[in-house]
Structures are given as structure tokens and as C-alpha cells.
Amino acid sequence: MGSLTHEGELEAVAFAAEAWSSEAILYVNGVRRVLPDGLAHITLLQYLRDIGLTGTKLGCGEGGCGACTVMVSDYDRSAKKSVHYAVNACLAPLYSVEGMHVITVEGLGCYQSGLHPVQESLAQAHGSQCGFCTPGFLMSMYALLRSNKIPPSEEQIEECLSGNLCRCTGYRPIIDSFRVFAKSDNSLYIKSSNTPSGEFVCPTTGKPCSCGGREVHSNGSLTDNATFSRCGPVSHSDTDGSFYIEKELIFPPELLLRNNLPLKLHGFGGINWYRPLRLEHLLHLKSLYPEAKLVVGNTEEFLKKLVAERDVQETSSCRAISDQLKWFAGKQVKNVASVGGNICTASPISDLNPIWIAARAEFLIVNFMGNIRKVHAKEFFIGYRKLILPKSHRREDDIALVNAGMRVHLKDEDSNWKVSDVSIVYGGVAPVPLIAARTETFLVGKIWDKKLLLEAIKVLKDNVPLAENAPGGMVEFRKSLTLSFFFKFFLWVTQKMNENGCFKEVLDDAHLSAIQANHRSCSSASQRYEILERGTAVGLPMVHQSARLQVSGMAEYTDDTPTPPNTLHAVLVLSKKAHARILSIDDTLARTSPGFAGLF
Ligand SMILES: Cc1cc2nc3c(=O)[nH]c(=O)nc-3n(C[C@H](O)[C@H](O)[C@H](O)COP(=O)(O)OP(=O)(O)OC[C@H]3O[C@@H](n4cnc5c(N)ncnc54)[C@H](O)[C@@H]3O)c2cc1C
Ligand code: FES
Ligand code: FES
């Protein structure tokens, strides 16, 4: 797929044979919609909100908060099954979901005809306060449930929420409300479950505890006169869907049978949207419009498959990339972002580019004639966000930090393991990934031992320059990180060699924690609060009045309110200088703007 910014003369000749279509359709919550031409400039989020589905919210607008999460279902022709995944509607160009089924929070269930179990659970577990983030959380969870045949694990639930932010409720009630759908012991989540000895089992930790799970009915009344209670999750039986009378939306049969057509559509500002179906057509378009942006799709699954199929030695670099992806953005971004896009963004802080260079990766550049050129990763990046290829730019800001990719080959020479080849590459310290060439040269031929570590650190210190005024600041911290990464790498390699019985370098126990896999266990927390029975609702843990509106996307926020026809908009014109005396105002530009009413 490609989004292009100008029309070429050559195109008519080159693509005369290609039957471009402008017939675009989309299913939204089970309803078929024809997408008119002329919308190539808008996102899926804008479209959904324009057709009145304002449950999907606009938060950051750049993939960071997850408020705009929707579920997209597509038919995978090779696997012959429909696939479901969460995406950020604020980043998805509208036409990128052509021929797919989009489900928004309104498609799950609604206040009047019954909420979906995930919605009911979130409402009952007090998982929404202002409710702005709520539809996004629900859609991430719903996409996980739809894409799993068996109940997900608690880890999967937390991972699927990694791209969703909540700024006011806090994550405990949200995660607790979804945990009831995990494949764990349901009895742990049933209110007031007890051990054989009669102790109360904490639903959050699954262990006996004294927090006292008092029974609180959904109307807020209590079965005993507890003075303290905890805000625990509801039981699975409360949310098994017995009150849910809507049918789960199926994948539209029309989309199963429909063959994708090559698309050509337009948008405001001269934007053209192409969806070529064959690589040669894509390459031809790219040769006509070298600056055009490619929109491709997820490559994470491909890496996982490769790692699973091939030998460990053969795939150590792919493993490193795959491991790195765990710490990368949220699930919604990973579902659609491609490795090619990450490379071609040429960000100096890309988490992957230092690894490609350290792994001595070669990139294949294909032109429309089918000629393939191999380029070493280290020669691919030529400046700040510059490649040897022409490219369009991403608008998001950089976040300054340091990352690194390192690789070493050790050779046994007379019972000494010596460095025969090594790569040390840092990201985030220079406009392009920085190869610590002097340190690499220093290391080759040296015996891999503690002496090497101490000497290499000295060389590395001067080899990775970071000026005091380097963009991103925190210079001392980042400098120390560059050395720490090498230290960690040394420990990791030494430990691996020890495990394989190659040598017995004694590692200090205190240092070993540096190479332990950074595994975050599932969150657990509880909230204790006092219940005061005054004969009123005050002091009782009741489900708040807006909760069921928020979980169904029916709660209306200021920018969800439709503007009445002929609404007059007003904006304040601000002075660029404080305490300025206004002598005159040049309003010529304003007066010539369409719809100008007056300057007051
Ligand atoms: C919220 C968020 C969090 C992120 N977090 C991280 C992070 O933690 N670490 C990190 O490293 N990155 C991070 N990124 C960046 C992310 O990895 C890249 O934006 C993403 O991989 C780009 O992939 P894409 O398919 O969307 O590419 P696009 O944005 O669609 O494309 C990027 C550029 O590459 C070109 N291009 C794409 N594919 C090809 C190809 N096959 N051949 C030639 N040119 C191509 C396009 O034309 C375009 O110029 C984050 C991004 C977001 C939005
Ligand atoms: S609005 Fe924040 S991720 Fe889309
Ligand atoms: S931001 Fe999550 S409920 Fe307000």
C-alpha cells in the first residue's frame, strides 16, 4: 500500500494495464459501509468519529495512549482464517483498513440491551473514573479474547494493555477486572473464597490473607457490618455473559469471499492512495514517486517463526531482535508497525538498528527492474534520519536514550579464548548508530577475561564521545550507560561460555543480577478502605452512575457533542509578547479566510 503526494505523468503509461479500482468498502460493527473516494488524508479515528461513533477517543494522536484502540478483523487467505488485532485508530490511514471489519466499543454491547462481559466486569470492578481511557482498554482486552481460542494468561492480559494509559483510575481495578478472563483458578476470583481452614483467599494474590473480602452487592448494600473492605475483582460468574443478549459480531461473510482489488484513491491536498497487489507494481510506483511513504504491516510474527524453525546458532541475532521487541512500544503499534519501517525511519534511537549493524546484517534493496542491491547495515544510514534511499519523514519526536547492539566471536587458541571478531554499536549517542571502531580493533586478538574488561572500558570511555550539550541531555548518565552495556555484555558472554563448559571465569555473584532476564511478574495490588454505613450511599463502594455509559462508549465528552448547524466558532488571538500595547491589528489574512464572521 502506498500513500503518495503527487501524480506523475508517467503513471498513465506505466499502469495502463493495471485495473485500479476506487471501490472501497469497510464493515464497522457489522454494518457495511462504502468508503467514498477523496478521504486518503483522514485517519480511521476521524472517520469513526465523523460517522457518530464517538466512543473511540482522541487522546495523544500519536500512538502513545491507546484511547483510540479499535479491533480490526481481516481474512488471512493463506491461513484460511480471520485474524483479529488491536490497532491505534489515530495512526491508521482510513483506506488501510479497506475490506476489513472494524469493531469499536459500541460494537461490544450497549447500556440498554446488555453489556459484553468485559464491559460489565470493568464497570463492576470500579475500573473507570473519568472513563476517557476506558473504551481503549476494553478494545485491547476484547481483541485479545477474540484472537485467543483458549483463555489468555495473566501475562498476556497485561501485555495486551501495554499500549493503554490511564491517568486517573489507576491500573489495579482495570487489571483485576480483566483478570477474571485469564486461565487461572476461577475460584480465586469468586467473592469470599476460603481455604479449607476457613482463611479468606485474597483474589488478587491467590494467597490466604486478612484483607477480608466482604460481600458487596452491585447495589452497594453489605451483608455484614464490616468496617474495612477491599476493592476486589468481581467473580467470573458475574461476567460470563448471561446478561449479554447481543450476539458477538461475526466476521462478515462478504469479506471472506471478496477478492482484494488494486486500489487507487485520492485525498485532500493532492494525496493519492495506492494499494498495489503485486511487488513489481509497488516497485514501479516507488520508482515514480521515490518520496512516497509505504504502509506495510507487522513483521514481528515472521521473526518469531524464523527463530522457532532454525538452529539456535543461526538465529542468535534474530533472537536478540525478537527479545528487543518485547520492550518496544505497545501491542497496538507492534500489531501494525514493520521492521522495514523502523529501519527506514532511520531514527538515531531506534532499538533495532544497532543490533542490525552489530549482527553485520545486509539489507536487500530492490528496484522496479527487479535488480537487487546488497548494502551492509552500517553503510545504510548516512546522517540524521538519512538513508542511502530517499524517504518521507515521520513526525513524532525523538526520545533521547542510549541503546546498544554487541556481538563477539571467540576462538580457542591453546586453551585461551581469544576475540576473533567483534561488533560494538550504540544508538542514541550520535545522528547515526555509532560503531565503536577503536574499541573493536583493540579487542581483536585479546583473551576474553577480566583484564580485557577493565582495559576495554578505558578505551570505550574515549571512543563514544557525547558532548556536554548533546541533544537529549543527561550526558553523564548516558555516558555511564554506554560503559554499563559493555560490562553487561561481558558478563553475559562469560556466563554463556561457563554454561557451555568452555571456560571457568569466576563471576562475582553481586554482578550476576545485571544479566538476569528482566522479567516483570504480573502486577498485584489491593486497595483497603473504610466502609461507613450511614444508611445512605455515601461511604459505600457502589458502581458509579456513569460507569456503564463509559464502558459502552455512550458517555459524552465535550468534543463528542455534535456541533449544531451554523455554529459560530470563536478563538482568542494571543499576543506573542507579554504586556504588549496593541497599536494596530492586521486582519487581512483572517478576513480572506472562508467563513470569517468578525474580529472583536
Ligand atoms: C507509540 C510508538 C512507540 C514506538 N516505540 C518504539 C520503540 O520503543 N523503539 C523503536 O525503535 N521504535 C519505536 N517506534 C517506532 C516504530 O518502530 C516505527 O514507527 C515503526 O516500526 C515504523 O513501521 P511502519 O511499518 O509503521 O513504517 P512507516 O511509518 O509506515 O514507514 C516509515 C518509513 O519507512 C519507509 N518504509 C517502510 N517500509 C519500507 C520498506 N520495506 N522498504 C523501504 N522503505 C520502507 C516508509 O516509506 C516511511 O518513509 C515507536 C512508534 C510509535 C508510534
Ligand atoms: S489517541 Fe493516543 S494512541 Fe491514538
Ligand atoms: S484516564 Fe482512565 S479513567 Fe480517567
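For the numbers below, each heavy atom of this structure counts, side chains included, while hydrogens, waters and symmetry mates do not. In each ligand, atom 1 is the first atom listed, and ligand 1 is the first ligand listed.
Residue contact annotation: Cys90 places no N/O/S atom under 2.8 Å from atom 2 (Fe) of ligand 2. In summary, an N, O or S atom of Cys60 is located under 2.8 Å from atom 2 (Fe) of ligand 2. Taking 2.8 Å as the criterion, Cys130 does not count as a coordinating residue of atom 2 (Fe) of ligand 3, since none of its N, O or S atoms falls below it. Among the atoms of Cys166, no N, O or S atom falls under 2.8 Å of atom 4 (Fe) of ligand 3.
Looking at atom 3 (S) of ligand 2, its nearest protein heavy atom turns out to be Gly66 N, 3.2 Å. For atom 1 (S) of ligand 3, the nearest protein heavy atom (residue, atom name, distance) is Arg167 N, 3.2 Å.
Cys168 is listed as a side-chain neighbour of Cys130, based on a closest heavy-atom distance under 4.5 Å. Under the 4.5 Å side-chain criterion, counting only non-hydrogen atoms from C-beta, Ile103 is in contact with Arg146. Contact annotation: the side chain of Asn29 approaches that of Leu249 to within less than 4.5 Å [non-hydrogen atoms, C-beta and beyond]. Within the 4.5 Å cutoff, the side chain of Val375 has no heavy atoms near those of the Glu362 side chain. In this structure, the side chains of Leu122 and Ile174 come closer than 4.5 Å at one or more pairs of heavy atoms. Contact of the Ile365 side chain with the Ile372 side chain is not registered, since no non-hydrogen atoms from C-beta on lie closer than 4.5 Å.
Although no hydrogens or angles enter the test, the distance criterion places no donor-acceptor pair under 3.5 Å between the side chain of Ser96 and the main chain of Ala92.
For the residue pair Val402 and Phe485, the shortest heavy atom distance occurs at O-CE1, 3.6 Å.
Partner of His41 under the ring pair (Phe, Tyr, Trp, His ring centres under 6.0 Å) criterion, chosen from Trp273, Phe268, Tyr95: Phe268.
Remark: ligand 2 atoms within the under-4.0 Å shell around heavy atoms of Gly59 are 1 (S). Proximity to Gly340 (heavy-atom distance under 4.0 Å) selects the following atoms of ligand 1: 38 (N). Near Glu62, meaning under 4.0 Å from any of its heavy atoms, are these atoms of ligand 1: 1 (C), 53 (C). For ligand 3 and Cys133, the ligand atoms under 4.0 Å from any heavy atom of the residue are 1 (S), 2 (Fe), 3 (S). Close approach to Thr169 involves these atoms of ligand 3, each under 4.0 Å from a residue heavy atom: 3 (S). Interface atoms of ligand 1 facing Val333, defined by a heavy-atom separation under 4.0 Å, are 1 (C), 2 (C). Numbered from 1 in the order shown, with element, the atoms of ligand 2 that lie under 4.0 Å from a heavy atom of Gly63 read 3 (S). Each of the following atoms of ligand 2 lies closer than 4.0 Å to a heavy atom of Gly61: 1 (S), 2 (Fe). Short contacts between ligand 2 and Cys65, defined as distances under 4.0 Å to a heavy atom of the residue, involve ligand atoms 1 (S), 2 (Fe), 3 (S). Listed by atom number, the atoms of ligand 2 under 4.0 Å from Gly64 heavy atoms are 3 (S). Residue Gln129 approaches ligand 3 through these ligand atoms, each under 4.0 Å from one of its heavy atoms: 3 (S).
Taking any N or O of Asn342, backbone or side chain, at least one lies under 3.5 Å from an N or O belonging to ligand 1.
Of the candidates Ser96, Cys344, Gly427, Gly341, the one placing a heavy atom closest to atom 45 (C) of ligand 1 is Cys344.
Using a cutoff of 4.0 Å between basic side-chain nitrogens and carboxylate oxygens, Lys374 and Glu379 are not scored as salt-bridged. Ion pairing between Arg49 and Asp560 holds under the 4.0 Å rule for side-chain N and carboxylate O.
Between Trp356 and Phe380, the gap from one ring centroid to the other reaches at least 6.0 Å.
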